[in-house]
**Student:** 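Here's a structure for you.
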Amino acid sequence: MWRSVAPLLARSFTVICTDLRGYGRSSCPPSRFDHTPYSKRAMAKDMVAVMEKLGFSSFCVAGHDRGGRVAYRLALDHPQCVERLAVLDVVPIADAWERADKRLAIGYWPWSLLAQPEPLPERLLSSAADAIVDDALGTWGSSADAFPPEVRTHYIETLRDPKHAHAICEEYRAAATIDHEHDMSDRQDGRRIRCPVLVLWDAQGSLSAWYATEGGPLALWRAWANDVRGIAIGGGHFFPEQMPERTAQELSTFFTSYASGTS
């Protein structure tokens, strides 16, 4: 999904794009009964290891949706590594579950469906991958023109692979269990994100509507970090794909204003 954003950022930054465990072309390690191998904490450790291997002890991070949850966990667990954090169209896991209602159950059905015990969600993903991809790409506010046929095909092929389907479901199960527990523990202990945070979300999307009474996404993130700024933009849930220039501009301005050197 970063295919059009990364080249724009690469004009000013060293850009490293990683697939999360089980997604894209990443490996699908065996899971456990408590889903810890697919927790955001485990994936955050992956990111630190990758960056250390490539020679970066500290860096800026941007993540969308599932990647955004790994990104903020990375900032919480490894504050010495994360200089700036950008989260795109996402709220913290604890806040999402605590405010879950009919709107989330219907609008973002993967939260509840994919967290069900195996093998039902795995079978649904792998056997109806094209219908699932079409539903997400076509009904979450982004234009169909943002997804060329080869991109859509890539998304479908990944879901059709039983190993990837299982890994993705394990990641959602982790979000419903151990990830939520990690968030709750941090909140109770008063742990907060130390670095500056940029929040971007779809102006006509769910985050703008569902959390309006709480003050919107910015208010939710300010409960987790001291330095939070952000803006609602257009383009649906997948705005990095529909609006790569605008996305890259917002990220570049945020990262450049602090002059880190890597992204």
**Student:** Same cluster for L137 and M243 if Ile/Leu/Val/Met/Phe/Trp/Tyr side chains link at under 4.5 Å?
**Tutor:** no
**Student:** Return the orientation label for the W109 and W140 ring planes: parallel under 30°, perpendicular over 60°, tilted otherwise.
**Tutor:** tilted
**Student:** I'd like to know if D227 pairs up with R194 as an ion pair, taking the criterion as any Lys NZ or Arg NE/NH1/NH2 lying under 4.0 Å from an Asp or Glu carboxylate oxygen.
**Tutor:** no
**Student:** Does the Lys NZ or Arg CZ of R173 fall within the cation-pi geometry relative to W111 - under 6.0 Å from the ring centre and within 45° of the axis?
**Tutor:** no
**Student:** Taking the side chain as every heavy atom from C-beta outward, state whether Y38 and P29 have any atom pair closer than 4.5 Å.
**Tutor:** yes
**Student:** Is there a continuous path of hydrophobic side-chain contacts, each under 4.5 Å between heavy atoms, that joins Y172 to M184?
**Tutor:** no
**Student:** Ion pair present between R99 and E214, side-chain N to carboxylate O less than 4.0 angstrom?
**Tutor:** yes
**Student:** Strictly below 4.0 Å, N to O, side chains only: are R25 and D19 in salt-bridge contact?
**Tutor:** no
**Student:** List the steps and the verdict of salt bridge (charged side-chain N to carboxylate O under 4.0 Å, His left out) for E171 and R21.
**Tutor:** CA-CA 8 Å; E171 188 267 306; R21 290 186 179 192; over 6 Å; no
**Student:** Side chains of I16 and F59, heavy atoms from C-beta outward: is any pair under 4.5 Å?
**Tutor:** no
**Student:** To the nearest 0.5 angstrom, please state how far the CG atom of L85 sits from the CZ atom of F254.
**Tutor:** 7.0 Å
**Student:** Are Y72 and I93 side-chain neighbours, meaning at least one heavy-atom pair lies under 4.5 Å?
**Tutor:** yes
**Student:** Only counting residues at least two apart or in another chain, list the ones meeting ring-ring contact (aromatic ring centres under 6.0 Å, His included) with W2.
**Tutor:** none
**Student:** Flag yes if L76 and I178 sit in one hydrophobic cluster, no otherwise; membership is Ile, Leu, Val, Met, Phe, Trp, Tyr, and two members link when side-chain heavy atoms are under 4.5 Å apart.
**Tutor:** no
**Student:** Just say parallel, tilted or perpendicular for the rings of H237 and H64, cut-offs at 30° and 60°.
**Tutor:** tilted
**Student:** Do V87 and V197 make a side-chain contact, defined as non-hydrogen atoms from C-beta onward lying under 4.5 Å apart?
**Tutor:** yes
**Student:** Between T153 (side chain only) and E150 (backbone N and O only), is there a donor and an acceptor less than 3.5 Å apart?
**Tutor:** no
**Student:** Could you check whether any side-chain N or O of R222 sits under 3.5 Å from a backbone N or O of V228, counting only pairs where one atom can act as donor and the other as acceptor?
**Tutor:** yes
**Student:** Nearest heavy-atom pair of A94 and H180: which atoms, and what distance?
**Tutor:** CA-CD2, 3.6 Å
**Student:** Sequence neighbours left out, what passes side-chain contact (heavy atoms from CB on, under 4.5 Å) with D145? Give chain and number order.
**Tutor:** S143
**Student:** Any side-chain to backbone donor/acceptor pair from Q116 onto S112? Under 3.5 Å, distance only.
**Tutor:** yes
**Student:** Begin from the C-alpha positions of Y155 and F147 and carry the test ring-ring contact (aromatic ring centres under 6.0 Å, His included) through to its verdict.
**Tutor:** CA-CA 10 Å; Y155 290 155; F147 311 101; 7.1 Å; no
**Student:** Calculate, to the nearest 0.5 Å, the distance between atoms CZ and CD belonging to F56 and E83 respectively.
**Tutor:** 11.0 Å
**Student:** Is any NZ, NE, NH1 or NH2 atom of the basic residue among K163 and D161 found under 4.0 Å from an Asp or Glu carboxylate oxygen of the other?
**Tutor:** no
**Student:** Heavy-atom distance under 4.5 Å between the side chains of S252 and L9, does that happen here?
**Tutor:** yes
**Student:** Do L8 and V151 belong to the same hydrophobic cluster, where Ile, Leu, Val, Met, Phe, Trp and Tyr are linked whenever their side-chain heavy atoms lie under 4.5 Å apart, directly or via other members?
**Tutor:** no
**Student:** Donor-acceptor check, side chain of S4 to backbone of P244, threshold 3.5 angstrom: yes or no?
**Tutor:** no
**Student:** Apply salt bridge (charged side-chain N to carboxylate O under 4.0 Å, His left out) to the pair R73 and D179, showing each step before the final yes or no.
**Tutor:** CA-CA 9 Å; R73 174 50 52 191; D179 291 335; over 6 Å; no
**Student:** Do side-chain atoms of D89 reach the backbone of D202 as a donor and acceptor pair under 3.5 angstrom?
**Tutor:** yes
**Student:** Against D77, only a single residue in R191, K40, K45 fulfils salt bridge (charged side-chain N to carboxylate O under 4.0 Å, His left out); can you say which?
**Tutor:** R191
**Student:** Under a 3.5 Å distance rule, please check whether T36 uses its side chain to pair with a backbone N or O of R32 as donor and acceptor.
**Tutor:** no
**Student:** Salt bridge or not between E241 and R3? Use side-chain N to carboxylate O under 4.0 Å.
**Tutor:** yes
**Student:** Any carboxylate oxygen within less than 4.0 angstrom of a Lys/Arg side-chain nitrogen, looking at R187 and E98?
**Tutor:** yes
